[in-house]
Engineer: 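Just dropping this structure here.
Throughout, numbering of the chain's residues begins at 1 and tracks the sequence.
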Amino acid sequence: MLVWRKLSSAKWEDAWLERLRFLNPQQIVIAAFAGAKTIRIEAYALTKSDAKRLLARFGGQVRDLKNRDFVAENAPPSPPLNIRGRLLIVRSEKDRQKNALQFAHGDVLVIPAAMAFGTGDHATTSTCLRLLCDAATNRRPPWDMLDLGTGTGILAIAARALGARHADAFDFDSACIRTARSNVALNNVKLRSIQRVDVTKWQPTRRWEVVTANLYSEILIRASPQICDAVAPAGRLVLSGIMREQEKSVLAAFRQNFAVERIVRRGKWVAISASANGEKSH
């Protein structure tokens, strides 16, 4: 497996996600080091042409890691992520055991560093987790949840911990599906389905009370008809992965069917929580 790596100033983290948009977002891992002004940008599962293109445009190094889980081996220490006092996200089983007694009032979830996007460290995922927690708090059981662009499976796993009766996890990338299934087993939860789905071509055959979609803005806009059809009447939709300059375009794609209840802006990233306007308009 070809992997490209480069060190950069931490202030350019969001800029790198923009520069690497020609890649699948699940191929990109950005590691931040506590107290350091430097980040490590990595792109995994590259074709030879993509590897050459990255070297030519940005420099850095390319290595063949074969089957090693290089991300997990080299992940910098990450403090537990507390979500509204109800969830604690840690990186290892050792961390879960260490925090279990102090966090006995909530659930401790293990999401190791991996090639799939969504360990909770990035603003897009951590904000989604908080908005999901808010949606769960205000939702009467039973409720079902759909996680579009599941990555590591973190949001679907969190939904089950927060009381969802069923959760389904979809992603276009097969590596993410494998990672999500591994994390589901690691956390001893059950999802109704974990499927490889192209959301832009998908036609939902049912509806969910809570839908999260942590995807790039272009995909959210292209797939907005399908996403709208997936949310149950009076259901909740959480959108993330939106850059500030794309906020208005994403809102325009969903406003006909949803009432925006909260917009969270963190740095260059935006997340939106909205409620469905009863029966959908077509």
Engineer: Treating Ile, Leu, Val, Met, Phe, Trp and Tyr as nodes and any side-chain heavy-atom pair under 4.5 angstrom as an edge, say whether Met243 and Ile39 lie in one connected cluster.
Structural biologist: yes
Engineer: Hey, does Ser182 have a side-chain heavy atom less than 4.5 Å from the side chain of Arg178?
Structural biologist: no
Engineer: Measuring from atom OG1 of Thr127 to atom CD1 of Ile272, what distance do you get when rounded to the nearest 0.5 angstrom?
Structural biologist: 11.5 Å
Engineer: Could you see if Leu251 belongs to whatever hydrophobic cluster contains Val238? Use Ile, Leu, Val, Met, Phe, Trp, Tyr and a side-chain cutoff under 4.5 Å.
Structural biologist: no
Engineer: Do Cys176 and Thr152 make a side-chain contact, defined as non-hydrogen atoms from C-beta onward lying under 4.5 Å apart?
Structural biologist: no
Engineer: Classify the angle between the aromatic ring planes of Phe58 and Trp16 as parallel (below 30°), tilted (30 to 60°) or perpendicular (above 60°).
Structural biologist: perpendicular
Engineer: Quick one: ring-ring contact (aromatic ring centres under 6.0 Å, His included) pairs with a partner in residues 223-256, sequence neighbours left out?
Structural biologist: none
Engineer: Could you pull out all residues at least two apart from Glu13 that satisfy side-chain hydrogen bond (donor to acceptor under 3.5 Å, both in side chains)?
Structural biologist: none
Engineer: Identify whether Ile154 and Ile177 are in the same connected component of the hydrophobic contact network (ILVMFWY, side-chain heavy atoms under 4.5 Å).
Structural biologist: yes
Engineer: Of all residues at least two apart in sequence or in a different chain, which pass the side-chain hydrogen bond (donor to acceptor under 3.5 Å, both in side chains) check with Ser273?
Structural biologist: Arg236
Engineer: Less than 4.5 Å apart, any side-chain heavy atom of Trp12 and any of Glu18?
Structural biologist: no
Engineer: Taking salt bridge (charged side-chain N to carboxylate O under 4.0 Å, His left out) as the test, write out the residues that go with Asp50, two or more places apart.
Structural biologist: none
Engineer: Counting C-beta onward and ignoring hydrogens, is there a side-chain heavy-atom pair between Leu87 and Leu162 closer than 4.5 Å?
Structural biologist: yes
Engineer: Evaluate whether atom CG of Asn188 has more than 12 neighbouring non-hydrogen atoms of other residues, nucleotides or ligands under 6.0 angstrom away.
Structural biologist: no
Engineer: Indicate yes or no: at least one non-hydrogen side-chain atom of Gln226 is less than 4.5 angstrom from one of Gln203.
Structural biologist: yes
Engineer: With no hydrogens and no angle check, do the side chains of Thr137 and Arg84 hold a donor and an acceptor under 3.5 Å apart?
Structural biologist: no
Engineer: Which residue pairs pass the ring-ring contact (aromatic ring centres under 6.0 Å, His included) test when at least one of the two sits in residues 176-205, sequence neighbours left out?
Structural biologist: Phe170-Trp202
Engineer: Output every pair passing salt bridge (charged side-chain N to carboxylate O under 4.0 Å, His left out) with a member in residues 155-165, not counting sequence neighbours, ordered by first then second residue.
Structural biologist: Asp144-Arg165
Engineer: Considering all heavy atoms of both residues, which atom of Ser240 and which atom of Leu220 are nearest to each other, and what is their separation?
Structural biologist: O-CD1, 3.6 Å
Engineer: Side chains of Pro233 and Arg207, heavy atoms from C-beta outward: is any pair under 4.5 Å?
Structural biologist: yes
Engineer: Other members of the hydrophobic cluster containing Phe103, with the 4.5 Å side-chain heavy-atom rule, please.
Structural biologist: Leu88, Val90, Val108, Val110, Leu186
Engineer: Go through the side-chain N and O atoms of Asp171 and Thr150 and say whether any donor and acceptor fall under 3.5 Å apart.
Structural biologist: no
Engineer: With sequence neighbours excluded, tell me which residues meet side-chain hydrogen bond (donor to acceptor under 3.5 Å, both in side chains) with Arg265.
Structural biologist: Glu247
Engineer: Are any non-hydrogen side-chain atoms of Leu2 and Lys48 less than 4.5 angstrom apart?
Structural biologist: yes
Engineer: Evaluate the side-chain proximity of Ile242 to Trp269: yes if any heavy-atom separation is below 4.5 Å, no if none is.
Structural biologist: no
Engineer: Go through the structure and list residues passing salt bridge (charged side-chain N to carboxylate O under 4.0 Å, His left out) with Asp107, not counting sequence neighbours.
Structural biologist: none
Engineer: Quick one: list whatever passes salt bridge (charged side-chain N to carboxylate O under 4.0 Å, His left out) with Arg255, sequence neighbours left out.
Structural biologist: none
Engineer: Just to verify, what does Arg196 make a salt bridge (charged side-chain N to carboxylate O under 4.0 Å, His left out) with, not counting sequence neighbours?
Structural biologist: none
Engineer: Under the side-chain hydrogen bond (donor to acceptor under 3.5 Å, both in side chains) rule, collect the residues that match up with Thr205, sequence neighbours excluded.
Structural biologist: none
Engineer: Provide the closest heavy-atom pair for Ala158 versus Leu132 in the form atom of the first, atom of the second, distance.
Structural biologist: CB-CD2, 4.1 Å
Engineer: Taking all non-hydrogen atoms of both residues, which atom of Val210 and which atom of Trp143 are closest, and how far apart?
Structural biologist: CG2-CE3, 3.7 Å
